Amino acid sequence: MKAIEKQHSFMSSVMSILIAQIVVKLLGFLYRIVITNIDGFGDAGNGYYNAGFQFYTLLLAISSVGIPNAISKLTAGAAARGDRARAHMIFRTALWLFLGIGLVCSCLLYMGADFIALTVIKMDGVQYTLKALAPSILFVCLSSVIRGYFMGLGNASPTGRSQMLEQALKSSMTIIFVMVLSAYSAKVMSAGANLATSVATLFSFGYLLCYYLRRRSGILEGMETDMSLGKREFLHYAKAILFMSIPISFSSIIMSAGRVVDTATITRGIAKAFAFGIPGEVGIPTAAELNSKAVELAGMLAKSDPLTNLPLALNVAFASVLVPTISAAIAKGDRQEANSKISFSMLISILIILPCMTGLILFAKPIFLMIYPGAPDGWQLLQISAAGMAFAAMDQTLCGSLQGLGKVLVPAKALMIGVLVKIALNLTLIPITGINIYGAAISSVVCHGLACTICYRSLKKELSLPLELKKYFLKPAAACLIMAAVSAACYLLVFQLTQSNRIALLAAILFAVVIYAIAVLSMKILNEEELKQLPLVNKLRSK
């Protein structure tokens, strides 16, 4: 009975975050499509938008990314031992601690925007985007503390709802701001798009604060009356929080730093690749023309992100819930429970990502023609980027597992090796005229592949994961091949009949989903116990 309750608790938390991630990424996907096709934005606007956002995520990783997992892990451990007072003291300390950190990082980003754009990234025009994003760091820091606290208490609802609210506001306001600024240059439109992010994070924090205040009396009920947070208590809990959050943040910091280096190497590499002439243009290009070309190509690469991030977002739910779940299981000495959850999450990750990866590689050109009619170039970059999705998804799950086990430095070390190799490949491949921007996509695949391999080998030393080759890899791969063959034939047939790329693509996707589901079930990749853990299956059986 307890095992069943654990399964439902785990999956209910997963589903809460999963639904939120689907809504968030779908909305993000839609607004990126809309603004990319607005006259004047296009690849250039994407280039400015993405370059600025990458440096912003670096500061965000330094200031806040480790907070939810760290707070959820610490509070889950305290709650599992019945010490709710300690869990709340951890929360209060984190709130004050990251209020200061968020303020400092927001100010640094705003005041250093010009230096970052002109000297670090070497992409003039990005400074406006950076300044527009600066306030959101503070709001994200504070929001992350509240999300982590409730996650640790086993309540994923505020995380999911606040993320959906934030993304809904961000999506609508981004489109409105860009349309209002459509008479201006791409860099101004990009700044307006990112200003919407700051406004949305403010409202999201407001929702979370109200959520906490409404439940504060219930949370404090039955606790000791003396809940004062003195200097000694603050320093004690702050040390514990930082000791936990900083190592967890390392992976995100390294990845974000890698993206910034990616942008910096793209601008410098493109300048070398086309130093003696840009294809389609006459004469030796000027510095301004090379900057524009780098912005355009970086924007082409960025168009793949919404498509590859959507499937990966589904996997985030399992990776996020694994941290407090495994932490609580280890605190109780239940290693079998931890092993079971990791194995199940790995299987679902593979079953989700492999068909998505296959579909994006197979239909990259038709997808770009349908969603980016105003800027369809760069579909080959999507094919390369999609190839790395399987590694990225498994790495997400492995990182969550290792963090839950307390091995928080392993993912960071693995990612550091991957990023260093990526930088070396960027510096080698991008300056080659015939490769140029494709070098950045290739190096990303290698980076994720290396990180995933290192994390998996480390996890195998901690737990005896029963990951059978046939069940976890060969059967899912066979199901994907069947799906690919049927959906490709469907696309060609429907296109021949209708001469419509959109109708043919949608029909092919529909057939792909049905055929893949049939293949997975007929091959019995999921056993009876694993099927019972899926909420949809439980609902159908109850009827």
Side-chain angles (χ1 to χ4, degrees), residues 7 10-11 13-22 25 69 156 251 255 307-326 338-361 385-405 410-411 414-415 418 445 447-460 462-463 465-480 483 513 516-517 519-521 523 525-527 529-531 533-537:
Q7 288 178 2
F10 177 76
M11 285 308 300
S13 294
V14 168
M15 286 305 296
S16 180
I17 297 179
L18 182 62
I19 292 168
Q21 286 293 319
I22 292 172
K25 294 302 178 181
N69 284 346
S251 295
M255 180 56 75
L307 290 159
T308 56
N309 286 341
L310 185 58
L312 289 173
L314 305 180
N315 194 59
V316 167
F318 286 94
S320 299
V321 176
L322 274 174
V323 178
T325 300
I326 294 172
N339 190 76
S340 172
K341 290 295 179 285
I342 294 170
S343 299
F344 178 68
S345 297
M346 284 291 291
L347 179 59
I348 297 301
S349 294
I350 292 167
L351 290 176
I352 289 173
I353 293 299
L354 278 185
C356 296
M357 179 187 76
T358 304
L360 289 176
I361 293 172
S385 298
M389 282 171 55
F391 297 123
M394 287 190 287
D395 193 38
Q396 283 177 342
T397 304
L398 292 168
C399 285
S401 304
L402 288 165
Q403 287 169 5
L405 290 168
V410 174
L415 200 53
V445 176
C447 172
H448 288 301
L450 279 173
C452 177
T453 303
I454 295 169
C455 286
Y456 176 71
R457 293 183 66 180
S458 178
L459 188 61
K460 282 284 287 182
E462 299 296 322
L463 296 170
L465 295 175
L467 303 183
E468 302 171 14
L469 180 65
K470 185 177 180 181
K471 175 183 177 70
Y472 283 78
F473 301 104
L474 297 183
K475 282 187 175 182
C480 286
M483 176 200 76
V513 171
Y516 181 71
V520 168
L521 292 173
M523 291 180 185
I525 298 174
L526 291 165
N527 60 37
E529 185 180 342
E530 289 163 343
L531 281 170
Q533 294 188 55
L534 301 177
L536 181 60
V537 174

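Just so you know, these numbers come straight off a predicted model, no measurement behind them.
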- Message: So which atom in Pro476 and which in Ile525 form the shortest heavy-atom distance, rounded to 0.1 Å?
- Response: N-CD1, 3.8 Å

- Message: Between Thr453 and Phe391, is there a side-chain heavy-atom distance shorter than 4.5 Å?
- Response: no

- Note on the structure: In short, Ala386 meets Leu360 closest at the heavy-atom pair CB-CB, 3.8 Å

- With a 4.5 Å heavy-atom cut-off, do Ile454 and Leu415 have their side chains touching? no

- Pairwise distance CE(Met357) to SG(Cys480) - rounded to 0.5 angstrom: 6.5 Å

- Query: How long is the span from the CE atom in Met394 to the CE atom in Met346, to the nearest 0.5 Å?
  - Reply: 6.0 Å

- If you take all heavy atoms of Pro355 and Ile350, which pair is closest and at what distance? CD-O, 4.1 Å

- Item | Spacing of OG1 belonging to Thr358 relative to CE belonging to Met483, to within rounding of 0.5 Å | 4.5 Å

- Query: If you look at every heavy atom in Pro411 and Cys455, which pair is closest and at what distance?
  - Reply: CA-SG, 3.8 Å

- Task: Take Phe473 and Leu354 through the side chain to side chain contact (heavy atoms under 4.5 Å, CB included) test and state the conclusion after the steps.
- Result: CA-CA 9 Å; Phe473 301 104; Leu354 278 185; over 6 Å; no

- Query: So, for Pro311 and Ile352, which heavy atoms are closest and what is the spacing to 0.1 Å?
  - Reply: O-CG2, 4.2 Å

- Query: Can Cys356 and Met389 be said to form a side chain to side chain contact (heavy atoms under 4.5 Å, CB included), step by step?
  - Reply: CA-CA 9 Å; Cys356 296; Met389 282 171 55; 4.0 Å; yes

- Evaluate the side-chain proximity of Leu398 to Cys452: yes if any heavy-atom separation is below 4.5 Å, no if none is. yes

- Verify the distance criterion only: is there a donor paired with an acceptor across the side chains of Ser349 and Thr397 at less than 3.5 Å? yes

- Message: Could you check whether any side-chain heavy atom of Leu347 comes within less than 4.5 Å of a side-chain heavy atom of Lys471, counting everything from C-beta outward?
- Response: yes

